[in-house]
Amino acid sequence: MNIAVIGAGYVGLVTAAGLAEIGHEVTCIDDDLGKIQVLNAGGMPFYEPGLEDLVKRNRQAKRLEFISQIEHGVAKCQAIFICVGTPALENGEADLSSVELVARRISECARGYHLVIEKSTVPVQTGRRLQKHFGIYKSNTQFHCDVASNPEFLREGSSIEDFFHPDRIVVGVDSGKAAALLEEIYKPVLDQSFACPVHENCAPRSRVPFVVTDINSAELIKHASNSFLAMKISFINMVSDLCESVGADVGKVAEAVGLDKRIGGSFLRPGVGFGGSCFPKDLQAFVRVGQGAGCDFSLLQEVERINLRRIDLFVNKIKNELWVVRGKRVGVWGLAFKPRTDDVRCSPALAIIRRLLADGALVRAYDPQAMEKAKAEVPQIEYCADAYAAAQDAEAILALTEWEEFLRLDLMKVRHLMARPLIVDGRNMFSSATLAGLGFEYVAIGSGSSAREQLFKTGTVRAGG
Ligand code: UDX
């Protein structure tokens with residue numbers, strides 16, 4: 001099928017490349033000429049494992065092209081995916097101006113029937129608005145369309161895997177025709193009948209659930225899913241605070257709680273809080289939607305508040321250890337909001353660094369992928385070539401993003417580079433026993449004093465050191 005994907009950000013580019021890979025002719029459109037030039041030159045506007053190869057292969061196969069003008073792309077396409085950004089406005093509501101602009105442009109140049117699919121994360125009833133405004137904007141009587149919602153659940157860092165092996169595909173439609181077209185578009189993914197670009201020996205999988213509902217419900221499913229996952233994280237972070245004060249081990253607590261099939265172990269990792277371009281903004285937008293509808297969404301406001309407080313709590317932890325922060329050299333491992341991405345939007349690591357800078361700390365940082373983007377946000381720190389350089393003469397190392405490469409470091413070498421062998425772990429990625437054995441002081445999230453006592457008991461750390 002001829003498909004247009006408008007917006008070449010995370011959602012748009014992964015969707016465009018994925019749809020081309022399963023056999024569709026895809027035109028990916030973005031009005032950011034610079035981005036289109038980078039893509040047409042074979043470059044990538046951001047780091048995402050596996051995406052560069054997927055784009056390259058499908059461009060070479062002439063199933064994927066990149067252009068910057070909507071009017072040159074939509075007329076030939078039966079299905080049009082809207083994948084533009086919906087960032088948060090000052091008041092937390094979703095900014096839909098790009099969605100509206102795209103709708104206007106489509107109405108001006110489309111002819112005949114088109115299925116217009118909103119894939120951007122939007123508040124409930126946006127599809128209804130789109131339908132109404134297509135009627136208002138259209139300059140050509142022949143243009144008629146169905147509007148559908150098809151929320152995405154891609155995670156940065158594993159978005160290719162998530163495109164080809166989703167837990168479900170959700171569509172919100174008003175017509176059987178729209179449902180049938182979307183089923184046809186996703187058929188290879190639904191049947192799991194494609195040559196998997198992610199796994200070499202991809203084991204056969206069962207059919208992916210195809211959830212067909214109305215547009216409003218589909219839009220709500222996205223906000224509800226992300227808000228629930230964010231709530232799980234704030235829940236375990238809340239419990240981790242209790243573990244710290246009563247002397248319990250949040251790792252064990254989360255493990256046992258997660259073994260309950262009704263709860264599930266994922267998204268129960270305590271840490272410095274959730275970040276990224278989705279959870280913080282979707283939570284805010286959902287709260288505004290709830291309030292706008294006169295519903296009590298205070299539960300989610302609490303989720304947000306707990307998340308914001310993670311930064312204070314972690315900075316206090318550092319101050320507890322370092323006492324006076326001013327003039328102290330601190331090494332930071334990890335700047336991205338999570339591993340396997342170069343994205344630093346709403347990254348807890350940057351929020352913590354800003355706080356320490358305000359207190360006069362000297363920060364050296366390293367991240368495998370995100371330093372260029374971090375430099376644009378926090379230029380006033382030292383960016384290092386590797387994790388060892390960040391540890392040089394440091395009074396403390398802060399582990400803020402759980403990149404796997406940090407677990408493969410020569411920790412003895414790190415210890416000798418540091419002024420004080422102290423690791424404050426914001427992601428509980430290290431084992432306290434291993435670090436104690438190497439003579440480090442180790443402070444983690446949600447492990448009460450018992451864990452530290454353990455270190456003293458083993459005599460590997462001097463009392464009060
Ligand atoms: C999220 C959703 O997972 C995805 O379905 C949706 O489409 C977009 O938003 P993403 O933002 O890429 O994806 O990141 P995710 O892996 O969900 O992590 C979000 C944040 O939560 C990160 O900062 C991560 O570090 C944090 N997190 C995640 C925790 O602190 N603990 C956990 O157990 C899991």
Side-chain angles (χ1 to χ4, degrees), residues 240 244 249-251 269-272 313-336 339 348-349 352-353 355-357 359-371 374 381-465:
S240 79
E244 278 182 24
D249 178 349
V250 72
R269 259 180 312 103
V272 285
L313 291 172
F314 193 74
V315 169
N316 291 345
K317 240 185 227 298
I318 300 164
K319 288 184 177 172
N320 264 347
E321 294 303 326
L322 293 183
W323 193 7
V324 177
V325 168
R326 185 166 302 286
K328 292 243 170 69
R329 186 167 296 290
V330 171
V332 168
W333 289 346
L335 298 163
I352 290 162
I353 289 171
R355 294 282 298 275
L356 293 173
L357 288 174
D359 291 332
L362 308 168
V363 177
R364 279 193 178 134
Y366 168 71
D367 186 288
Q369 289 291 340
M371 292 202 287
I381 65 173
E382 202 181 321
Y383 291 89
C384 302
D386 60 30
Y388 298 109
Q392 184 74 51
D393 303 326
E395 302 263 349
I397 287 281
L398 313 179
L400 299 180
T401 316
E402 64 278 28
W403 286 93
E404 259 178 52
E405 82 167 60
F406 297 146
L407 295 174
R408 293 193 294 271
L409 289 170
D410 174 348
L411 291 171
M412 274 318 272
K413 178 176 169 186
V414 169
R415 180 156 183 245
H416 290 119
L417 288 165
M418 295 182 72
R420 174 182 169 185
L422 166 66
I423 293 185
V424 187
D425 191 346
R427 296 293 182 176
N428 286 2
M429 57 187 296
F430 293 103
S431 124
S432 58
T434 307
L435 287 177
L438 293 166
F440 280 92
E441 297 168 69
Y442 178 62
V443 179
I445 303 264
S447 57
S449 53
S450 65
R452 274 184 75 62
E453 267 147 34
Q454 158 87 359
L455 298 177
F456 287 126
K457 259 193 249 105
T458 59
T460 51
V461 171
R462 301 177 309 286

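Each of Leu398, Asp425, Leu422 was evaluated against Val443; a single residue qualifies, Leu422, per the side chain to side chain contact (heavy atoms under 4.5 Å, CB included) test.
Summarising the geometry of Ser240 relative to Ile445, their closest heavy-atom pair is OG-CG2, 3.7 Å, with the distance given to 0.1 Å. The two residues Glu395 and Leu322 have their closest heavy-atom pair at O-CD2, 3.8 Å.
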* Would Lys319 and Asp359 satisfy side-chain contact (heavy atoms from CB on, under 4.5 Å), going step by step from the backbone distance to the final call? -> CA-CA 10 Å; Lys319 288 184 177 172; Asp359 291 332; 3.0 Å; yes
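Rounding to the nearest 0.5 angstrom, the gap separating the CZ atom in Arg420 from the CD atom in Glu321 is 5.5 Å. Atom-to-atom distance recorded for Leu411:CG and Leu417:CG is 11.0 Å, nearest 0.5 angstrom. Considering OG1 of Thr401 and CZ of Phe406, their distance stands at 6.5 Å, rounded to 0.5 Å. The distance from atom NZ of Lys328 to atom CG of Leu356, rounded to the nearest 0.5 Å, is 12.0 Å. Note that CH2 of Trp403 is 8.5 Å distant from OH of Tyr366, once rounded to the nearest 0.5 Å. With values rounded to the nearest 0.5 angstrom, Ile397 atom CD1 is found 13.5 Å from Arg415 atom CZ.
When atom types are taken as modelled, the side chain of Arg355 and the backbone of Val315 share no donor-acceptor pair closer than 3.5 angstrom.
Applying the side-chain hydrogen bond (donor to acceptor under 3.5 Å, both in side chains) criterion to Lys413, with sequence neighbours excluded, gives no partner residue.
Note: Phe430 and Tyr442 have perpendicular aromatic rings, judged against thresholds of 30 and 60 degrees for the angle between ring planes.
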